[in-house]
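Numbered from 1 within each chain, the chains take letters A, B, ... in sequence-line order.
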There are 2 protein chains.
Amino acid sequence: MIILHFQLYIVILRYKIMGLTKSEIFTDEQNQLSALLKAIAHPARIAILQRIIISNTCICGDLVGELGLAQATISQHLKELKLAGIIQGTIEGVSVCYCINPKTWKLLEEQLGGFLASYKGETTCC
Amino acid sequence: MIILHFQLYIVILRYKIMGLTKSEIFTDEQNQLSALLKAIAHPARIAILQRIIISNTCICGDLVGELGLAQATISQHLKELKLAGIIQGTIEGVSVCYCINPKTWKLLEEQLGGFLASYKGETTCC
DNA sequence: TCGTTAAATTGCAATAATACTATAAATATA
DNA sequence: TATATTTATAGTATTATTGCAATTTAACGA
């Protein structure tokens, strides 16, 4: 009976973990970089960032209609980018203006630059 | 009756789309870059790539044990990196050797470099 | 105050991703 | 041939992501 209980416990413990990224076994840098990359790794969010960058001034929600996505969907993507710290928004009357967060952008450039540059492209053994 | 059928059709059509990224409304570049980023945007895969890069020679499955993940999980991550074209593998006896695919790495550097550099960090309006 | 406009949130449905165990496949060695 | 070793795959469970309609919230203007 005790063994049965123990086995059940193990099963529950195992299935609690399933489907969840084990971030605790990786370094803070690895987790941080992957979080930033994940925020950018979507065509809609890349498109949004490109729009924000191209229009020198902040973009004020003209995104809806320009991209072929519903307002709710774009709002969600913006939220994700904001949560990752990649963009920041200011309320401007009825609308909200978004622009790049320079600090996070710089961090991304540094972290990713370092990572990409660490491969020198010398060993082509396979 | 006809209206009912039509509504059902619309519902089916809509729910076919749900949960699926609408890649057709984005440019090939946006889709390609996001696919590459998605492949890298996981701490385990970042760790795997770092290991491959650090050990100048190709890595032959020493990854299992070094990372705190099960063999099957690592194999799956390697598969995803291979599918994205970021790494390539050669069968070496019993084991398999992996190394960076220089072409894809260069592509990633170019695409991502261009994207990141497009922001000059001048306009801080919000 | 009431309507308008813009953005965020909620709720829902479906697919994708993550991780594991167990098993299969392939190659080397005794 | 039999066994050991290494990697891949199948199956399963769970969480995450994506997208939309509908609603709510917030601010402006008549």
What does the B/S/- profile of nucleotides 1-9 of chain C look like, 5' to 3', with a 4.0 Å heavy-atom cutoff to protein?
----BSBBB
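Applying the 6.0 Å contact sphere to CD1 of B/I91 captures no more than 12 heavy atoms from other residues, nucleotides or ligands.
Counting to the nearest Å, the C1' atom of D/dG19 and the CZ atom of A/R45 are 12 Å from each other. When rounded to the nearest whole Å, the span between CG of A/L67 and P of D/dC20 equals 11 Å. In this structure, B/I87 places its CD1 atom 13 Å from C1' of D/dT7, rounding to the nearest Å. Look at CD1 on B/I48: it is 11 Å from P on C/dT18, rounded to the nearest Å. Here D/dT17 presents its C1' atom at 17 Å from CG of A/L37, a figure rounded to the nearest Å. If you measure from atom CD of B/E80 to atom C1' of D/dT7, you get 17 Å, rounded to the nearest angstrom. To the nearest angstrom, C1' of D/dG19 lies 11 Å from CZ of B/F26.
When all heavy atoms of B/S23 and B/N31 are compared, the closest pair comes out as O-ND2, 2.9 Å. Closest approach of B/E92 and B/C97 over heavy atoms only: CB-SG, 3.8 Å.
With the nearest nucleotide of DNA chain D identified for both A/H42 and A/G93, A/H42 has the one nearer the 5' end.
An OP1 or OP2 oxygen of C/dA17 is reached within less than 4.0 angstrom by no side-chain nitrogen or oxygen of B/H77. OP1 and OP2 of D/dT17 both lie 4.0 Å or more from every side-chain N or O belonging to B/K38.
Counting heavy atoms from C-beta outward, A/I40 and B/L33 have side chains that stay 4.5 Å or more apart. Using a 4.5 Å cut-off on side-chain heavy atoms (C-beta onward), B/H77 and B/L81 make no contact. Counting heavy atoms from C-beta on, the side chains of A/I53 and A/W105 come closer than 4.5 Å.
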